[in-house]
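Have a look at the structure below before the remarks.
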Protein chains: 2
Amino acid sequence: MATGRNHRPATRSRGIPEATVARLPLYLRALTALSERSVPTVSSEELASAAGVNSAKLRKDFSYLGSYGTRGVGYDVEYLVYQISRELGLTQDWPVVIVGIGNLGAALANYGGFASRGFRVAALIDADPSMSGKQVAGIPVRHVDELETIIHTNGVSIGVITTPGGAAQQVCDRLVAAGITSILNFAPTVLQVPEGVDVRKVDLSIELQILAFHEQRKAAEDLSRETAAPDRMRVPAEQRGEQGPEGDVPAVMPA
Amino acid sequence: MATGRNHRPATRSRGIPEATVARLPLYLRALTALSERSVPTVSSEELASAAGVNSAKLRKDFSYLGSYGTRGVGYDVEYLVYQISRELGLTQDWPVVIVGIGNLGAALANYGGFASRGFRVAALIDADPSMSGKQVAGIPVRHVDELETIIHTNGVSIGVITTPGGAAQQVCDRLVAAGITSILNFAPTVLQVPEGVDVRKVDLSIELQILAFHEQRKAAEDLSRETAAPDRMRVPAEQRGEQGPEGDVPAVMPA
DNA sequence: GAGTCTTTGTGCACGCGTTCACAAGGACAT
DNA sequence: ATGTCCTTGTGAACGCGTGCACAAAGACTC
């Protein structure tokens, strides 16, 4: 080390940019892989490429955590793993409840990625009484009536909602009232929460729609590049249900 | 309304900011709900609140699409639904393949949100031969050897990867080679793709880690506030493994 | 110990996204 | 018609995130 001299850039654990926080898990994953291969050190260039980001960005991200690298050498893998884990709060064990044990909830319960890295499924909760007591991924499903009790007894502060959209807000309200302050929402619903509660959402159909937008744009570009005369596009090529990129079919006009 | 007609603000389908595109599905969902309740028009304020965004942002977003509102009145719900659907490319039907029919893949196959809005599961694909022929959500699972054939015959351009992390890059390469240009990746892997291929990732453990970060920060703030003033609820000093926000335990220092 | 080489850490500039604040525009009543 | 009232559409300012480019700093050689 010897580098220990000062370097406490004021922007310590307080001011880490949100965009950086969102990338730390990515770095952590890449570093863990390196660690398992017993790689001792890694340069910003190598690590950045493994994490799929730009090396300057990575260095700047790490600079918010502190000066953990060695110039001319790179970063100590084990040390970085520890620092990032600590920064993300993964040195402690976060109990999590999953509410809504349908296909998706069951899939998440079975997902191995939980326990491995600081998270533990404290309980599975469902509103269907016929589910109660059944085991999913070795964990018994409990009725939603017990929600508050479960949260208090286990000191849960993170909840995952995998209910149908219609039930999500209701479940959310109960979770928040019971003391949950972080929610991961898989339901296709915009949750209203009070100040101080974090919500992150994962929404399959939104992601697909964004992809569809770009896909459409790419198709339109290809089409206009293919035909020398950009006047009339719309060739049978491609999928059946086609539509000009400027398909101004009024269809439904406002009255 | 009679407002229709004219308005072609130059910034047509070309320059829609990415951030706006990502919000369009949100607006669309809120509008669809209004449409089902037969609400004829909606103001930017109302719609914004339903979509969980700021009304100025919403108006600016819509301004990229064109001038579809009526001053003093608001937006025509049906008309906006149509315009946004068209912009997102949902007036056509996108065939999608899901690769990796484990718990998650099966959950997605069962998810109703697909067909309802412009997407159709063209095939389920898995590498396990014993899965082949079995039905999941009424769709037969086919072997990964058929991947290329399936994609070509159905003109698929969007692929969903729900394999384990180790297989993801390999599957991705095959999808891209077969002509897929948009990928939704659920595997915990950073995919390398050539120029022109869009990848969006959904990663449960990354989301949880981000929540954990904020949760830790909130806990640290509460703790430091508690020293001065007593707090209502919140029983113990938190779960077992607590750690100061500045827990500078050197633990392992690099050489 | 001096010089070279490598890689970090960061100052700076730029572009995107967000928000404010208000003029422009249209509906509706009189 | 004319005036009032309401809501949109947008110019402008600001802040965050990104990427470049380079000086600073340590390791390694001779």
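Computed from a prediction, not measured in an experiment: that's the story for all the values here. Every chain is numbered from 1, with letters handed out A, B, ... down the list of sequences.
Taken from CG in A:Leu208 to CG in B:Leu88, the straight-line distance is 11.5 Å, to the nearest 0.5 Å.
At a threshold of 4.5 Å between non-hydrogen side-chain atoms, the residues A:Asp198 and B:Lys218 count as touching. Annotation: side chain of A:Leu204 is in contact with side chain of B:Phe186 (closest heavy-atom distance under 4.5 Å). Side-chain contact check for B:Leu184 versus B:Val202: some heavy-atom pair is nearer than 4.5 Å.
A side-chain donor-acceptor contact under 3.5 Å links B:Thr20 and B:Asp61.
Taking A:Arg59 as the reference, A:Ser44, A:Ser55, A:Ala56, A:Tyr75 meet the side-chain contact (heavy atoms from CB on, under 4.5 Å) condition, with sequence neighbours excluded.
Nucleotide C:dT6 holds its P atom 14 Å from the CD atom of A:Glu46, rounded to whole Å. For the pair A:Leu65 CG and C:dT8 P, the interatomic distance rounds to 15 Å; values are reported in whole Å. Nucleotide D:dC20 holds its C1' atom 16 Å from the CG atom of A:Leu58, rounded to whole Å.
For B:Tyr68 and B:Phe62, the gap between ring centers reaches or exceeds 6.0 Å.
With a 6.0 Å radius and a threshold of 12 heavy atoms from other residues, nucleotides or ligands, B:Glu18 has its CD atom above the threshold.
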Below 3.5 Å between N/O atoms, which protein atoms pair up with nucleotides 6-8 of chain D? Just atom names and distances, please.
| from | atom 1 | to | atom 2 | distance (Å) |
| --- | --- | --- | --- | --- |
| D:dT7 | O4' | B:Gly72 | N | 3.0 |
| D:dT8 | OP1 | B:Ser44 | N | 2.5 |
| D:dT8 | OP2 | B:Ser44 | OG | 2.6 |
| D:dT8 | O2 | B:Arg71 | NH1 | 2.9 |

Sub-3.5 Å pairs of nitrogen or oxygen atoms, protein against nucleotides 17-19 of chain D:
| from | atom 1 | to | atom 2 | distance (Å) |
| --- | --- | --- | --- | --- |
| D:dT18 | OP1 | A:Arg23 | NH1 | 3.0 |
| D:dT18 | OP2 | A:Arg23 | NH1 | 3.2 |
| D:dT18 | OP2 | A:Arg23 | NH2 | 2.9 |
| D:dG19 | OP2 | A:Lys57 | NZ | 3.3 |
| D:dG19 | O6 | A:Lys60 | NZ | 2.8 |

